[in-house]
Amino acid sequence: MRYWLMKSEPGEFSIDDLEAAPRRTTPWTGVRNYQARNFMRDLMQVGDRAFFYHSSCPEPGIVGIVEVAAPAYPDPTQFDAGSPYYDPKATPENPRWFNVEVKLVRKTRLVALKELKQHPELASMQVLRPGNRLSITPVDPREWKFITQRLLGLSGEVASPCP
DNA sequence: GCCAACGTTGGC
DNA sequence: GCCAACGTTGGC
C-alpha cells in the first residue's frame, strides 16, 4: 500500500464537507493534471491512505486522514457540459480524466504547513517544495509515520491498517 | 494582490 | 520538436 497527500480548497470541499457526506465518502473529481491523474489511475489502490490537506486558505495544512475507498474510474464531470470541469475533448469511449473515491478515516488537529516545514525529517516532502502545485503527491512511509505518530500521536495501528 | 513556479497551448 | 506566451496554483 502507498501513502499520499491530497489537496482541497476548503472553500470548495473541506474536511467537514467530507465528514458530512454520505458514508463519509466522496469521489475525488475535478483533477485536471496528468501527473495527478496518473497517480489515481495507475498507482492508487483501495486501502491506500492519504492526508487530507487544506490549500489556498488562511491556515494551509493537514486536517485529516482518508482512505482510498474505490479504484479509479472515468471522472463523470468531464462529460458534463454544465460542469466547470467539462472537457470537450473527452468522450466516454476515450476518457481523459479519472477519479478515485476517498473515505474519511478521521479528522486530525491542524498540522499547519508552517509546522511541517520546521521538521528536518520532512524536508523532502513534495508538498514542501517551493512552487509545488500538484494536487496529489506521494508521501514516503517514513514521512507518514513521522506525521501520524510523532506529530499526531496516533498509534501505528490507527495510522495504517497494515504494518 | 503579488509573484514564483510550472504545466499547457499553439505557431512555426 | 522547440519555445514563447499564457494560465493556474497557492503561499504569503
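To find a chain, count down the sequence lines: A is the first, B the second, and so on, and within it residues start at 1.
Residues satisfying the side chain to side chain donor-acceptor pair (under 3.5 Å) criterion with A:D80, sequence neighbours excluded, are absent altogether. In this structure A:F98 satisfies the ring pair (Phe, Tyr, Trp, His ring centres under 6.0 Å) test with no other residue, sequence neighbours excluded. With sequence neighbours left out, the salt bridge (charged side-chain N to carboxylate O under 4.0 Å, His left out) criterion links A:D87 to A:R96. Every residue meeting the side chain to side chain donor-acceptor pair (under 3.5 Å) condition with A:S14, not counting sequence neighbours, appears here in chain and number order: A:D17. With sequence neighbours left out, the salt bridge (charged side-chain N to carboxylate O under 4.0 Å, His left out) criterion links A:R150 to no other residue.
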Identify every side-chain donor-acceptor pair in residues 123-132 of chain A under 3.5 Å, counting partners at least two apart or on other chains, and give the distances.
| from | atom 1 | to | atom 2 | distance (Å) |
| --- | --- | --- | --- | --- |
| A:S124 | OG | A:E143 | OE2 | 3.2 |
| A:N132 | OD1 | A:L134 | N | 3.3 |

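Contacts between chain A and DNA chain C, taken as any atom within less than 4.0 angstrom of a protein heavy atom, begin and end at C:dG7 to C:dC12.
Within a heavy-atom distance below 4.0 Å of DNA chain C, the residues of residues 108-122 of chain A found are A:L113, A:K117.
For residues 18-31 of chain A, the set of pairs meeting the side chain to side chain donor-acceptor pair (under 3.5 Å) definition, not counting sequence neighbours, comprises A:E19-A:K107.
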